[in-house]
Amino acid sequence: MAKFFGFLLIVLLIAVPLGGLEFLSTHSTLAFGSPPKAIGEATPVTVRIENPHGARRISAFVEQGGVRLPLEESKSPADRFKFWRKHLPPADFHFTAGRAKTAALKEGKAKLIVEAESNDLRGSLDSISTDVDVIFRPPSVTTDSFQHYINQGGSEMALLTPSGSWTEAGVRVGDHFYPSFPMAGSQERVALFAMPWDAPRDTAPFVVVRNAAGTEAKTQFWYKVFPKKFRARDLPIDDAFLNKVVNQIDPSGSGDLLDRFLKINGEMRRENNKTLADLRLKTAGHFLWSEPFLQLANSKVESAFADVRSYIYKGKKVDQQTHLGFDLAVGQHTPVPAANDGKIVWAAMLGIYGNCVVVDHGLGLQSIYAHLSEIAVKEGQSVKRGEALGKSGSTGLAGGDHLHFSMQVDGVQVNPIEWWDAHWIHDHVRVSLAANGRE
Ligand SMILES: [Zn+2]
């Protein structure tokens, strides 16, 4: 009997720690960065793997007709004993899937699989998979034959005709992709785009088309960019101004007045501009307007588009920002008309812009009205050109009563001066559409 208990003790002495180690082994959680719907020649894929012990092996496969074709594998030295002290952060596994990796791949349906083996005693195997289409047919695109004269900081329109296998078509300027929209009764599509005020000199616009597998084709239209010199202005600020704007925009903040102002003028300005840019996703797929845009009547232009402002406090320059709009002053609480027909996509407080209204005019084109003393419209409402959106004021980052007016194309702020100009619209927008029997 004693022998038996002795044996049992030995078994327990061995089994409990091993069982404990077993218990300390862990599973991996896998997630696609964005699950690919299709793969082609070499489609980039990312999978995030979360396992505090890490993975000793990660493998990617594509499965087609019951056959597993290997794509990529990553191995780490095995760690069977010290793993339980590890608390590794999630790691991204990047690989490419497609014919470049496995020549046996055929067009049609397939399954993309990623496996991770836990880097600990048990080495638990976990996996993720998704159904994909395998597409090798490339997309292609042609563009219009117009002459595109583009102002730095301005807007332009191009027509394009995608064909083959494609899912996205538009114009790329620098890093920004401007989507195109279908035109009724035509294979052609239309894209508005901007040449940003701060784009490097040699920035070229491209017409780009992509398929679901990430294969891209591009082409170019004839264009010429006119560089612009923007104005530099000193903007003196004093304690009265700082007190007014800081206490209104950030009433619960504390600390040095100038520091709070600089945070509003920098960090909050960037956040607010991002909120404005994200409204591009709320645009209509066709133009909602037909007349040129209205400029606030009888107004004095206090600031123009892309003025570079140096903020001077107690005789010293404390900040510099680019002013991406027009400051138009008339008088106290002047009715502010919609510059054109459209739909309200924002009607609320927005940080430095105070009470702010944004009107969508379709195809990514939007107008922005800031510092209003009151707002007379609601989000989702349609407005007509000249209809009152509210009244001018000095809410947000504003010294006195004025309207800050700005426009954006797919979230990139542009010089509104072109959109106020019937000739510019005729030459850059209407001609292109007219050539397609749209007008
Ligand atoms: Zn302004």
Side-chain angles (χ1 to χ4, degrees), residues 153-154 194 196-198 228 230-238 241-242 244-246 248-250 261-277 279 293-313 318-339 346-359 366-375 389-409 411-420:
W197 58 276
D198 59 348
K228 297 282 169 197
F230 298 107
R231 307 188 304 182
R233 290 289 160 104
D234 281 353
L235 189 77
I237 51 173
D238 56 18
F241 173 76
L242 293 187
K244 183 247 161 208
V245 297
V246 167
Q248 194 209 312
I249 298 173
D250 173 35
F261 169 77
L262 293 176
K263 205 170 165 198
I264 289 168
N265 205 31
E267 208 173 291
M268 185 178 283
R269 179 184 294 271
R270 277 193 299 279
E271 279 168 22
N272 296 158
N273 284 340
K274 164 100 172 46
T275 302
L276 289 175
L279 294 173
F293 285 68
L294 288 174
Q295 183 174 359
L296 187 62
N298 307 315
S299 58
K300 180 172 168 272
V301 176
E302 292 182 328
S303 284
F305 179 77
D307 280 358
V308 177
R309 284 180 171 174
S310 295
Y311 293 79
I312 311 293
Y313 178 66
V318 291
D319 202 4
Q320 180 179 305
Q321 298 291 342
T322 306
H323 180 256
L324 296 175
F326 269 75
D327 285 347
L328 305 167
V330 180
Q332 299 283 317
H333 300 184
T334 304
V336 170
W346 182 277
M349 222 30 198
L350 181 62
I352 66 163
Y353 295 103
N355 283 318
C356 181
V357 171
V358 180
V359 182
Q366 296 171 331
S367 55
I368 300 162
Y369 313 76
H371 309 314
L372 304 180
S373 55
E374 63 184 76
I375 294 178
L389 301 174
K391 288 184 175 153
S392 72
S394 57
T395 55
L397 193 45
D401 189 305
H402 72 278
L403 170 68
H404 172 98
F405 179 79
S406 174
M407 291 188 67
Q408 58 184 9
V409 170
V412 177
Q413 297 208 28
V414 293
N415 198 338
I417 216 163
E418 295 174 337
W419 297 98
W420 286 329

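Order of listing sets the numbers, starting from 1, for every ligand and every atom in it.
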Measuring only between side-chain heavy atoms, which start at C-beta, is Phe241 closer than 4.5 Å to Phe261?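 SC-SC contact between Phe241 and Phe261 confirmed.
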
Quick one, Arg309 and Asp234 - any side-chain contact, counting heavy atoms below 4.5 Å?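 Of all side-chain heavy-atom pairs linking Asp234 with Arg309, none is under 4.5 Å.
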
If the condition is salt bridge (charged side-chain N to carboxylate O under 4.0 Å, His left out), which residues does Asp198 pass it with, not counting sequence neighbours?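 For Asp198, no residue satisfies salt bridge (charged side-chain N to carboxylate O under 4.0 Å, His left out) once neighbours in sequence are set aside.
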
Any salt bridge linking Asp307 with Arg233? Criterion: basic side-chain nitrogen under 4.0 Å from a carboxylate oxygen.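 Salt bridge: no.
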
Quick one: name the protein N/O/S atoms under 2.8 Å from the Zn ion (ligand 1), chain by chain.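 Listed by chain and number: His323 NE2, Asp327 OD1, His404 ND1.
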
Any idea how Phe305 and Phe230 line up, ring-wise: parallel (<30°), tilted (30 to 60°), or perpendicular (>60°)?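 Rings of Phe305 and Phe230: perpendicular, as their planes differ by over 60°.
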
Fit a plane to each ring of His323 and His404, take the angle between them on a 0 to 90° scale, and name the class: parallel (under 30°), tilted (30 to 60°) or perpendicular (over 60°).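 Rings of His323 and His404: perpendicular, as their planes differ by over 60°.
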
